[in-house]
Amino acid sequence: MRTVFWENNELKMIDQRILPARFEVVSYRGHKEVARAITDMVVRGAPAIGAAAAFGLALAGYESAATSRDDLVADLQASAAILKAARPTAVNLAWAVDRILLSLSHWERGRGEGGADSIRQFVLDEAQKLADEDVEINKRMAEHGAALINDGDTIIHHCNTGALATVDWGTALGVIRTAHEQGKKIHVLVDETRPRLQGARLTAWELEQYGIPYEIISDNMSGYFLKAGKAQKVFFGADRVAANGDVANKIGSYMLALAAHDNNVPVYSVVPTSTIDLSLAHGGLIPIEERDPDEVLGIQFHGEPIAPKNAKARNPAFDVTPNRLLSGIVTENGVVYPPFEINLAKVVNQDS
Ligand code: MRU
């Protein structure tokens, strides 16, 4: 099953807030609901957020009462702004929405302005195309990345970058899945990934489905396993990669990369080229989402609150791993090695 999909004129998605305890698919008919679902992390993971926003734009087309082309395009642009504002860090959100609006203008330039209904259908077809491409791109990346994994490797993985974080197959976890399917004997140390526990809840759930051996660790344990020589590779994803190769990903990735680097363990970020933002020269320019402190405080220990009643907390959702800590960036067009400033632009422009 895909993580997000179109069915009976509705956008459907797996509710990732309640996994692994319950598996439920939720349906949406309105773009504002979809934007809310992205903000509330019913769906999360950069590529999955992008695909959800693309289908959200298609819903906006059908919600609009416009009968003229101009009125419909104006409604679509207004809905696009609402969808793009759902979360700030993952570049795929804006990339997906902008790609569809740009394709629409190219389509119209080629054949003259379309009627409202043909535009509605065009937007839906483009969203479907984007979703289908995501799966194909992930499988291409997985082939390139699996070649970096040796038989017998123990891999530390951070957050969730599997089928749940994309339309299907996954990015970094897709690489691990393909290595396993190639018959390589591997073991995964799954960072639980506080505060929302995407590792313990979602990555472990996926690894169970794929029959891949794993153990969950708390994020502060990875340094111990790296120093003890008990992990040979580190793989994680990305929400936005700057032109110089600095990678924004789930909070904790930077600390993990530092510990790996200190122990000469290679660190790979697996990234579709849609997540590479050449408009930003370095990682310091990437907007970092700060989420509700209650995500940090709102859990229990032996059924009791984990902090004093009036405790305050911070909750930056992402951090930036500087390019110097990365051994390579795996894309659908191959593995990119330093100097990233030069080599990243090549793979991004390869398809255009
Ligand atoms: O806050 P989330 O769960 O959306 O963060 C997700 C991540 O950081 C992933 O590693 C990233 O989006 C890549 S998903 C293929």
Side-chain angles (χ1 to χ4, degrees), residues 2-4 13-17 19 35 37-53 86-96 131 134-135 137-142 145 156-177 190-203 205-206 219 234-241 246-257 267-277 283 286-292 295-296 315-321 326 329-332:
R2 288 186 168 191
T3 303
V4 293
M13 57 179 80
I14 298 169
D15 189 340
Q16 300 190 39
R17 298 167 301 179
L19 283 171
I38 293 171
T39 305
D40 295 349
M41 297 179 67
V42 177
V43 59
R44 33 70 45 207
I49 291 173
R87 291 183 77 190
T89 306
V91 71
N92 294 66
L93 182 53
W95 166 83
D134 179 72
V135 182
I137 283 167
N138 295 337
K139 291 190 173 167
R140 275 168 55 192
M141 276 194 297
I156 299 182
H157 177 276
H158 194 67
C159 195
N160 172 261
T161 64
L164 289 170
T166 60
V167 174
D168 202 350
W169 202 260
T171 61
L173 204 62
V175 165
I176 291 170
R177 194 173 167 185
V190 175
D191 269 356
E192 64 178 357
T193 316
R194 278 269 286 154
R196 291 184 69 101
L197 302 170
Q198 288 92 329
R201 295 187 303 111
L202 308 177
T203 298
W205 181 79
E206 287 200 49
D219 306 337
V234 168
F235 275 84
F236 51 66
D239 288 82
R240 193 183 302 229
V241 179
D246 292 346
V247 165
N249 193 46
K250 182 49 56 189
I251 195 82
S253 304
Y254 172 42
M255 298 275 278
L256 172 58
V267 178
Y268 296 101
S269 178
V270 184
V271 180
T273 52
S274 57
T275 304
I276 300 171
D277 184 352
I286 297 174
I288 299 293
E289 181 183 12
E290 178 104 16
R291 294 185 62 87
D292 188 333
E295 291 183 352
V296 174
N315 189 11
F318 302 97
D319 58 24
V320 174
T321 297
L326 293 168
I329 295 176
V330 181
T331 77
E332 70 269 29

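The first residue of the sequence shown is numbered 1, and numbering continues consecutively from there. Counting starts at 1 for both ligands and their atoms, following the listed order.
Looking at F235 and T161, their side chains never come closer than 4.5 Å, going by heavy atoms from C-beta outward. Residues R2 and V135 form a side-chain contact, since some pair of their non-hydrogen atoms from C-beta on lies under 4.5 Å apart.
Residue R87 places a heavy atom under 4.0 Å from ligand 1. The closest approach between H158 and ligand 1 stays at or above 4.0 Å for every heavy atom of the residue. Look at A90 and you'll find every heavy atom at least 4.0 Å from all atoms of ligand 1. At least one heavy atom of P47 sits less than 4.0 Å from an atom of ligand 1.
Here the shortest heavy-atom distance to atom 13 (C) of ligand 1, taken over A238, A172, A165, G252, belongs to A238.
Looking at C159 against ligand 1, only its side chain comes within 4.0 Å, counting heavy atoms. With a 4.0 Å heavy-atom cut-off, ligand 1 is reached by the backbone of K250 and by its side chain too. Under 4.0 Å from ligand 1, the heavy atoms of F318 that appear belong solely to its side chain.
Applying the 4.0 Å criterion to heavy atoms of A46 picks out, from ligand 1, the atoms 12 (O), 14 (S).
In summary, D219 and R194 do not engage in a salt bridge, as defined by a charged side-chain N under 4.0 Å from a carboxylate O.
Judged purely by distance below 3.5 Å, without hydrogens or angles, the side chains of R201 and N160 never pair a donor atom with an acceptor atom.
Looking only at heavy atoms of the protein, atom 7 (C) of ligand 1 is closest to D239 OD1, 3.2 Å. Atom 9 (C) of ligand 1 has its closest protein heavy atom at N249 OD1, 3.4 Å.
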